[in-house]
Number of protein chains: 2
Amino acid sequence: MNKSDEYSSSEQLWLENQICFPLYAVSRMVTKLYTPLLADLDITYPQYLVLLVLWKEDHLSVNEISSLLYLESNTLTPLLKRMEQKNLVRRRRSQLDERKVIVSLTPDGKGLQEKAACVPQSIVNQMSTDEVSLQEVQSFKQTLTKLMHLLNENNNRNRDELTD
Amino acid sequence: MNKSDEYSSSEQLWLENQICFPLYAVSRMVTKLYTPLLADLDITYPQYLVLLVLWKEDHLSVNEISSLLYLESNTLTPLLKRMEQKNLVRRRRSQLDERKVIVSLTPDGKGLQEKAACVPQSIVNQMSTDEVSLQEVQSFKQTLTKLMHLLNENNNRNRDELTD
DNA sequence: TATTAGTTTATCGTGTGCGATATAAATATA
DNA sequence: TATATTTATATCGCACACGATAAACTAATA
């Protein structure tokens, strides 16, 4: 173990020595960066994520969206209903399997893709500075992605253990 | 600019090429890791964060907690009231400045520190694997902390621009 | 084919987060 | 000292997140 990783029991309970707190804080701060940009499109950040996956592949079931975004149906169902109210998507029960609800883009929902094209660059510009190099951002993203898959498997394992 | 950073306008709108999505997903997944551990203490993750800062320094105003956790008063006020209901903290108007509300630990709130001592190690154990080295976690945390301060200044700047 | 088990989505309740705004106290200024 | 400005919390409304659970449908099996 590295010397710098040794903390006393009480020091471990200091905010500065925790890794999860900055993760939590930065996540909220980044969402705040998106807010004014997405307000122009009259959508929220989670709604933007749903549009991102549908722009890549349309006509996905709630379950498929759930798997891609790691969001549960109890979050997605009301969120998708709000998007349906705004005429961005349509929700239809599948003919082949009446349990499934297929979510499809409306012309309005498709149309937002062009208006959103400038969003990613605007975010990247706001996040990159002299203090954080592109190289650093790249490896940061790699770690994030590894953690995402790791923790997702962890969550799935914990959930399955309970039902066993 | 690095070759690998060049994306077309439409590729920038792919989930896999975004850095903010894994940030958002990992943040939620990590909170899920805490949930069963904190459930034993009958607290939530944001409530745990409040306790962390009070264990380090007791008798903080709402504003001071707000600055440390980057949470607004409209989030903290009801959260602190719930903690007061559970007899973890006391909320008292300052004698010197009646605008300020001083938050102090009760004996119950202090007592939780011992029971929470094992929480950080449990989280670290669940997050560290062969795939993510300690070295990697260290630099990941450094980038996170830099981003946290950067984005906070950014947010403060944007807020002040509107009132000017 | 009748029953059981599994899958998919939805509902309910609680707890955040935050933009906009209100309220009250303290400070600054005319 | 009366008034305006600033500061510190609180209130309101809306949109997530998610654990627990229900309801509807399909698949598996006796």
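Letters A, B, ... are given to chains in the order of the sequence lines, protein chains preceding strands, and every chain is numbered from 1.
Taking every heavy atom of residues 32-52 of chain B and every atom of DNA chain C, pairs under 4.0 Å involve B:Thr44, B:Pro46, B:Gln47, by number.
A:Arg28 has no side-chain polar atom (N or O) that falls below the 4.0 Å cut-off from OP1 or OP2 of C:dT16. Taking side-chain N and O atoms only, B:Ser61 has a distance below 4.0 Å to OP1 or OP2 of D:dT9. Residue B:Arg93 places none of its side-chain N or O atoms closer than 4.0 Å to OP1 or OP2 of D:dA8. Listed pair B:Asn74 / D:dT11 fails the phosphate criterion, with no side-chain N or O lying under 4.0 Å from OP1 or OP2. Taking only side-chain nitrogens and oxygens, A:Lys81 comes nearer than 4.0 Å to OP1 or OP2 of C:dT11.
For the side chain to side chain contact (heavy atoms under 4.5 Å, CB included) test, residues two or more places apart in sequence or in another chain that qualify with A:Thr31 are A:Tyr45. Contacts of B:Thr35 classified as side chain to side chain donor-acceptor pair (under 3.5 Å), with partners at least two apart in sequence or in another chain: none.
For A:Glu72 and D:dA22, the CD to P distance is 18 Å, given to the nearest whole Å. The CG atom of B:Leu80 sits 14 Å away from the C1' atom of D:dA8 (whole-angstrom rounding). If you measure from atom CG of B:Leu96 to atom C1' of D:dA8, you get 15 Å, rounded to the nearest angstrom. When rounded to the nearest whole Å, the span between CZ of B:Arg91 and C1' of D:dT9 equals 9 Å. A:Tyr24 has its OH atom 13 Å from the P atom of D:dC18, to the nearest Å. If you take CG of A:Asn63 and C1' of C:dT7, they are 8 Å apart, rounded to a whole angstrom. The CG-C1' distance, from A:Leu76 to C:dA10, rounds to 12 Å in whole Å. In this structure, B:Leu60 atom CG and D:dT9 atom P are separated by 11 Å, rounded to whole Å.
At a threshold of 4.0 angstrom between heavy atoms, the contacts of B:Ser66 with the nucleic acid are absent. Residue A:Leu79 is classed as a sugar-phosphate contact, given heavy-atom separations below 4.0 Å to backbone atoms only.
Classification of the B:Tyr48-B:Tyr34 ring pair by plane angle, with boundaries at 30° and 60°, yields tilted.
For the pair B:Lys146 and A:Glu131, the salt-bridge criterion is not met [side-chain N within less than 4.0 Å of a carboxylate O].
Between the side chain of B:Thr145 and the backbone N or O of B:Lys141 there is at least one donor-acceptor pair closer than 3.5 Å.
The shortest side-chain heavy-atom distance between B:Leu88 and B:Leu54 does not fall under the 4.5 Å cut-off.
Between atom CG of residue B:Asn87 and atom CG of residue B:Asp108 there is a gap of 4.5 Å, rounded to the nearest 0.5 Å.
With respect to B:Ser66, the side-chain contact (heavy atoms from CB on, under 4.5 Å) criterion is satisfied by exactly one of B:Leu76, B:Leu60, B:Thr77: B:Leu76.
Side chain A:Arg99 to base C:dT7: a donor-acceptor pair is found below 3.5 Å. Between the side chain of B:Ser73 and the base of D:dA8, no donor-acceptor pair under 3.5 Å is found.
When each of B:Arg82 and B:Gln95 is assigned the nucleotide of DNA chain C with its nearest heavy atom, B:Arg82 is the one assigned upstream, toward the 5' end. Both A:Glu98 and A:Thr75 lie near DNA chain D, and the one whose nearest nucleotide falls closer to the 5' end is A:Thr75.
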